[in-house]
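Handing you this structure, nothing more for now.
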Amino acid sequence: MPTLSRWYIKIGMLYFVVGIMLASLLLAQPVMGWSSKLQVLRPVYLHFLFIGWVSQLIMGVGYWMLPKYSKDKPRGSERLGWIVLFLLNIGLVLRAIGEPVMALVPQAGLGWTLAVASLCLLLAGWGFILNTWGRIKER
C-alpha cells in the first residue's frame with residue numbers, strides 16, 4: 001500500500017474516533033443535563049464522520065486501488081495527492097474551529113475560517129477528481 005494511502009486511511013480513522021466521541025457526547029448531553037450549547041458540535045461531528053472518515057477513506061483506497069494511470073505515473077501525481085490530503089485536513093480543522101465559535105460568538109471575527117475551510121475542501125475535492133479522472137477508463 002502506498003504511503004499516501006496509509007496517511008489518508010490512518011488520518012481518516014482518527015476522524016472516525018473523534019467523530020464517534022463527539023456523537024456520544026451529544027447523545028449524553030440531555031441525560032447528563034449538560035448545557036445545550038454543546039449542540040454547536042453537531043456539524044463538527046458530521047463533518048468529521050462524512051468528510052474526515054468516509055471521504056478520506058475513499059480517497060486513500062481510491063489512490064491505492066484504482067487502475068494505473070500510466071507506467072511512469074501509476075497513481076497520477078503523488079504531489080497532488082499530498083496537496084489534496086493537506087487541503088482536506090486544513091479545511092476540516094478550520095471548519096471544526098470556526099463553526100462552533102461563529103455559532104457561540106458571531107462577533108468573534110472568525111467568519112474567515114469558514115470561508116477558507118470551504119475553499120480548502122472544494123480545492124481538495126477538485127484535486128482528487130483531477131488526479132483520479134484519468135485512471136477511470138475502459139480496459
Side-chain angles (χ1 to χ4, degrees):
M1 178 184 295
T3 301
L4 180 57
S5 290
R6 287 195 312 267
W7 275 94
Y8 272 109
I9 294 167
K10 285 182 177 183
I11 293 171
M13 287 181 189
L14 292 175
Y15 281 112
F16 178 71
V17 168
V18 174
I20 293 297
M21 287 171 43
L22 288 173
S24 299
L25 183 71
L26 290 171
L27 285 171
Q29 176 254 328
V31 175
M32 301 300 285
W34 295 331
S35 170
S36 62
K37 288 183 180 182
L38 283 176
Q39 289 301 315
V40 299
L41 297 175
R42 183 175 169 79
V44 175
Y45 104 81
L46 291 171
H47 275 87
F48 278 14
L49 289 179
F50 291 109
I51 297 175
W53 163 241
V54 175
S55 295
Q56 211 148 219
L57 180 68
I58 290 168
M59 289 177 175
V61 172
Y63 184 78
W64 172 32
M65 298 294 292
L66 287 172
K68 292 182 178 178
Y69 181 73
S70 70
K71 289 185 183 209
D72 296 337
K73 292 185 174 189
R75 293 183 174 87
S77 170
E78 184 175 355
R79 183 172 184 252
L80 181 55
W82 284 105
I83 291 169
V84 166
L85 179 71
F86 177 77
L87 286 171
L88 187 72
N89 287 287
I90 290 296
L92 279 167
V93 168
L94 286 174
R95 183 96 191 197
I97 294 167
E99 195 145 15
V101 170
M102 288 302 297
L104 293 171
V105 192
Q107 68 276 19
L110 291 177
W112 66 269
T113 59
L114 297 179
V116 173
S118 297
L119 182 61
C120 286
L121 294 171
L122 177 68
L123 292 174
W126 284 349
F128 177 73
I129 290 170
L130 180 68
N131 205 27
T132 307
W133 192 269
R135 295 175 67 185
I136 304 168
K137 54 189 171 194
E138 190 175 336
R139 284 206 175 255

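Positions are given from 1, in the same order as the sequence printed here.
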Practice item. Treating Ile, Leu, Val, Met, Phe, Trp and Tyr as nodes and any side-chain heavy-atom pair under 4.5 angstrom as an edge, say whether Leu123 and Ile129 lie in one connected cluster. Key: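 No, Leu123 does not connect to Ile129 through the hydrophobic network.
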Answer with yes or no whether the hydrophobic clustering places Val17 together with Tyr8; edges join I, L, V, M, F, W, Y residues whose side-chain heavy atoms lie under 4.5 Å apart.
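In one cluster: no.
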- request: Apply side chain to side chain contact (heavy atoms under 4.5 Å, CB included) to Tyr63 and list each qualifying residue two or more places apart in sequence or on a separate chain.
  value: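 So Tyr63 forms a side chain to side chain contact (heavy atoms under 4.5 Å, CB included) with Pro2, Leu4, Ser5, Arg75, Glu78, Asn131, Arg135.
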Query - Verdict with supporting geometry, Leu49 and Phe16, side-chain contact (heavy atoms from CB on, under 4.5 Å) - result: CA-CA 6 Å; Leu49 289 179; Phe16 178 71; 3.9 Å; yes
*Would you name the heavy atoms of Ala117 and Leu94 that are closest together and state the gap between them?*
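In terms of heavy atoms, the two residues are closest at CB-CB, 3.8 Å.
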Hey, is CH2 on Trp126 packed in by over 12 heavy atoms from elsewhere, all under 6.0 Å?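 Check fails, neighbour count at 12 or below.
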Open item on the list: Quick check: is Trp7 connected to Met13 through a chain of hydrophobic side chains (ILVMFWY, heavy atoms under 4.5 Å apart)?
Closed with: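 Same cluster: Met13 reaches Trp7 through Ile, Leu, Val, Met, Phe, Trp or Tyr contacts under 4.5 Å.
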Original post:
Would you find a donor on one side and an acceptor on the other, under 3.5 Å apart, between the side chain of Ser55 and the backbone of Phe50?
Top reply: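 Between the backbone of Phe50 and the side chain of Ser55 there is a qualifying donor-acceptor contact (under 3.5 Å).
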Give the minimum heavy-atom separation between Pro100 and Val44, together with the two atoms involved.
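Of all heavy-atom pairs spanning Pro100 and Val44, the closest is CG-CG2, 3.6 Å.
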Nearest atoms (heavy-atom pairs only) where Glu99 meets Leu114: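 Here Glu99 and Leu114 meet closest at N-CD2, 3.5 Å.
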- prompt: Shortest non-hydrogen contact from Met59 to Leu88?
  reply: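 It is SD-CD2, 4.0 Å.
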| task | Please examine the side chains of Leu46 and Ile51, heavy atoms only from C-beta on, and report whether any two atoms are closer than 4.5 Å. | result |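 With C-beta onward as the side chain, the pair stays apart.
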Joint hydrophobic cluster, Leu130 plus Trp64, side-chain heavy atoms closer than 4.5 Å: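 In one cluster with Leu130: Trp64, yes.
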Apply side-chain contact (heavy atoms from CB on, under 4.5 Å) to Met102 and Val40, showing your working. CA-CA 9 Å; Met102 288 302 297; Val40 299; over 6 Å; no
Might you point out which heavy atoms bring Ile90 and Cys120 nearest each other, and give the distance in Å?
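Of all heavy-atom pairs spanning Ile90 and Cys120, the closest is CG2-SG, 3.9 Å.
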(request) Test side-chain contact (heavy atoms from CB on, under 4.5 Å) on Phe48 and Leu41 and set out the steps. (result) CA-CA 10 Å; Phe48 278 14; Leu41 297 175; over 6 Å; no
Close side-chain approach of Phe86 to Ile83, heavy-atom, < 4.5 Å =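 They are not in contact (no side-chain heavy atoms under 4.5 Å apart), so the answer is no.
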* To do: With rounding to the nearest 0.5 Å, note down the distance linking CG in Leu92 to CD1 in Ile11.
  =>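 Answer rounded to 0.5 Å: 10.5 Å.
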Using the rule that two of Ile, Leu, Val, Met, Phe, Trp, Tyr join whenever any of their side-chain heavy atoms come within less than 4.5 Å, decide whether Leu121 and Val101 are in one cluster.
->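 Not linked; separate clusters.
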Could you check whether any side-chain heavy atom of Ile20 comes within less than 4.5 Å of a side-chain heavy atom of Trp53, counting everything from C-beta outward?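 Contact flag for Ile20/Trp53 side chains = no.
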Indicate yes or no: at least one non-hydrogen side-chain atom of Leu57 is less than 4.5 angstrom from one of Ile9.
->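 The answer is yes, as the side chains (C-beta and beyond) meet within the 4.5 Å cut-off.
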Looking at Leu85 and Gln56, what are the two nearest heavy atoms and their distance?
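Looking at all heavy atoms of both residues, the shortest contact is CD1-OE1, 3.4 Å.
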